[in-house]
Amino acid sequence: MIHINEEVARCLLCADAPCGEKAARALRALRFENNWTAAELFAQLNDAEIEAAEKACIHYDKPIRIAEIKAQVPQPQSKVAAKELPSLELNFCDMVCENPFFLASSAICTNYEMVARALEAGWAGVFYKTISKQDIREVSPRFDALQKEGTPFVGFRNMEQLSENPYTVDFDILHRLKVNYPTKRIVASIMGQSEEEWIELAKMAEDAGCDAVELNFSCPQMKLSGLGSDIGQNNELILCYTSCIREVVNIPVIPKMTPNVASMRLPALACYYAGAHGISAINTIKSITMNPNAEVSDKKTVSGYSGKAVKPIALRMIYEMTANPLIRKAGIEKHMDISGIGGIETWRDALEFIQLGCRNVQVCTAVMQYGYRIIDDLILGLKYYMAERGIVELKKLVGEELKNIVLPSELDRETMVFPKIDRDKCIGCGRCYISCADGGHQAITFEDRKPHIVGTKCVGCHLCRLVCPTGAIGQAKRMPKVKK
């Protein structure tokens, strides 16, 4: 018996699908947690097709065991026909978007051809790579990735700056994109070096036909001081630049905020008082990696960190804005829409941002690793999830989890949940025993390759459940704590 997630993770997600389009698409759906589509596609594959797919697999170690994966594909809780799937249309900053998924301003959207392919694939819009009047010259190499136990891109570091194109060329590209894709949302990301330059670039964005303008107050690796995240860490500059641009353009103004602050509340408040229509957050986190292969002429520097590892930090900062009591007190009749960024790879990641109040999400690192094609499972996964819950409008999910976020002092401390071992899944590796003995409460014994929970010692921390490689440890019912 295989561990299905582990086996699916081995799939190389080849560009040309040598195993066959249907098998490759089914494996990709599983990889991105779209179990509904995966189950539907695997059901259409017969034994001969699966055998042929396994023979055609070019994996460098051994072929992906597609037949065994099919036998264990998680079945959806209910059958939902494709024709019954709801729309993902959502209003963001007074823009009607066909779905909430946008490309984030970065290397994934630097020219017309790239963005056009993404829009045709199904992305609802783009925050184009930041346009400036600076002379941008990039370093080489400029990327590095943090890996763990064979998992690539746990975290991703980049030293990329702004668009290297002349700014007039970029605005022409944006104009052509809007003309040729009128139903898509084209947002210009800009960065000026003075108030006059910020205003000039914002006006050019509006003249190019852009739907909105994003103000890059957050790039962590600018070669000049007083730019990028230096602005996002200064509430007065946020207020100044946002308000002056708000006065001269009629399209939505969306500051992009840096996570390199203690709290997002005051920067968000500055955006609010400046009249911003929305906020993009978060940009990358300042970081250093020590990989010799990522050095630039034997030198290292502070640069931006992104990827799956930053998602919990991004969610915390989103919550600080969407639940900001200062903004609510200042004027409940007004609001700013939030575009969430940070570690979004699957539809479930996107859902978490939406449930904390985002009306739009941006993706970068996942596209760099897997390509624009992930939009299929982002869209279908979210649609199937809504259909199973009987939700017909995406806006119903916006902010629905805010009520469940409380202070640590408000958490239930009178009950606990014991871990529960599924003997059919347990392979007797003892990982739970080691972690509990050396990092927990010594509440697991291990004899004859079988772990046992010692109820009198277990405190319900669930470290054992998290380290189990086969998913053999689950949860029992919540119950009152026994007083000692």
Side-chain angles (χ1 to χ4, degrees), residues 2-17 19-45 53 57 59 64-66 69-70 72-77 80 82 85-86 88 99-104 108 117-118 121-124 145 150-156 306-311 314-315 340-355 358 361-389 394 397 471:
I2 63 169
H3 188 293
I4 187 169
N5 291 335
E6 190 174 280
E7 188 66 13
V8 168
R10 290 181 57 242
C11 178
L12 301 176
L13 298 177
C14 299
D16 57 352
C19 63
E21 187 60 38
K22 192 174 293 184
R25 181 67 187 89
L27 290 170
R28 178 155 56 90
L30 271 184
R31 170 62 183 80
F32 293 99
E33 302 183 37
N34 180 10
N35 294 344
W36 299 275
T37 299
E40 182 179 285
L41 290 171
F42 274 118
Q44 298 173 18
L45 287 167
C57 179
H59 197 282
I64 306 300
R65 292 177 285 181
I66 303 174
I69 291 174
K70 177 183 177 181
Q72 295 182 54
V73 172
Q75 295 299 311
Q77 295 179 3
V80 179
L85 295 179
L88 295 184
N99 64 61
F101 302 112
F102 278 49
L103 300 180
I108 65 174
R117 281 195 293 111
W123 294 86
T151 303
F153 280 51
V154 170
F156 184 74
S306 63
K308 200 81 166 181
V310 312
K311 187 179 73 167
L315 289 172
I341 319 167
I344 297 172
E345 189 170 293
T346 71
W347 66 269
R348 198 178 298 278
D349 296 326
L351 173 66
E352 292 174 4
F353 281 82
I354 292 168
Q355 289 176 320
C358 294
V361 293
Q362 300 180 40
V363 182
C364 171
T365 304
V367 169
M368 296 180 79
Q369 188 175 9
Y370 301 111
Y372 299 135
R373 56 186 173 171
I374 65 173
I375 188 62
D376 294 340
D377 292 305
L378 288 170
I379 289 174
L380 286 172
L382 189 53
K383 282 186 173 184
Y384 275 113
Y385 170 81
M386 291 172 59
E388 282 211 337
R389 286 189 54 186
L394 185 55
L397 296 176

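For clarity, every value in this text was computed on a predicted model and none was experimentally measured.
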TODO: Decide yes or no on side chain to side chain contact (heavy atoms under 4.5 Å, CB included) for Leu380 and Leu85, but give the supporting numbers first.
DONE: CA-CA 8 Å; Leu380 286 172; Leu85 295 179; 4.1 Å; yes
Which pair of heavy atoms, one from [X] and one from [Y], lies closest together, and at what distance?
X	Y	result
Ala38	Ala26	CB-O, 3.7 Å
Asn99	Gly122	ND2-O, 3.0 Å
Trp36	Gly381	CZ3-O, 3.4 Å
Gly342	Phe353	O-CZ, 3.4 Å
Gly155	Ala309	CA-CB, 4.3 Å

Open item on the list: Apply side chain to side chain contact (heavy atoms under 4.5 Å, CB included) to residues Val363 and Ile374 and explain how you reach the verdict.
Closed with: CA-CA 10 Å; Val363 182; Ile374 65 173; 4.3 Å; yes
Does [X] reach the side chain of [Y], with side-chain heavy atoms less than 4.5 Å apart?
X	Y	answer
Asn34	Tyr385	no
Ile344	Phe101	no
Leu30	Pro74	yes
Glu7	Gln72	no
Glu388	Tyr384	no

Task: Residues Arg31, Glu345: salt bridge by 4.0 Å N-O rule - done: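 Between Glu345 and Arg31 there is a salt bridge, with a charged N closer than 4.0 Å to a carboxylate O.
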Task: Carboxylate-amine/guanidinium proximity below 4.0 Å for Asp377 and Arg25 - done: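 Salt bridge present between Asp377 and Arg25.
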- [ ] Measure the acute angle between the ring planes of Tyr370 and Phe32, then classify it against the limits of 30° and 60° as parallel, tilted or perpendicular.
- [x]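 Because their plane-to-plane angle is over 60°, the rings of Tyr370 and Phe32 count as perpendicular.
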What distance separates [X] [atom1] from [Y] [atom2], expressed to the nearest 0.5 Å?
X	Y	atom1	atom2	answer
Leu13	Cys11	CG	SG	4.5 Å
Tyr372	Ile108	OH	CD1	6.0 Å
Ile64	His59	CD1	NE2	4.5 Å
Leu378	Leu351	CG	CG	11.5 Å
Phe102	Ile375	CZ	CD1	10.5 Å
Asp16	Glu21	CG	CD	10.0 Å

TODO: Using salt bridge (charged side-chain N to carboxylate O under 4.0 Å, His left out) as the criterion, list what pairs up with Arg373, not counting sequence neighbours.
DONE: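 So Arg373 forms no salt bridge (charged side-chain N to carboxylate O under 4.0 Å, His left out) with any residue.
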- [ ] Apply side chain to side chain contact (heavy atoms under 4.5 Å, CB included) to Lys383 and Trp347, showing your working.
- [x] CA-CA 9 Å; Lys383 282 186 173 184; Trp347 66 269; over 6 Å; no
TODO: Test side chain to side chain contact (heavy atoms under 4.5 Å, CB included) on Ile354 and Leu382 and set out the steps.
DONE: CA-CA 11 Å; Ile354 292 168; Leu382 189 53; 4.3 Å; yes
Open item on the list: Donor-acceptor pair, distance only, cut-off 3.5 Å: does the side chain of Lys70 make one with the backbone of Leu45?
Closed with: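 Pair found, side chain donor or acceptor close to backbone of Leu45.
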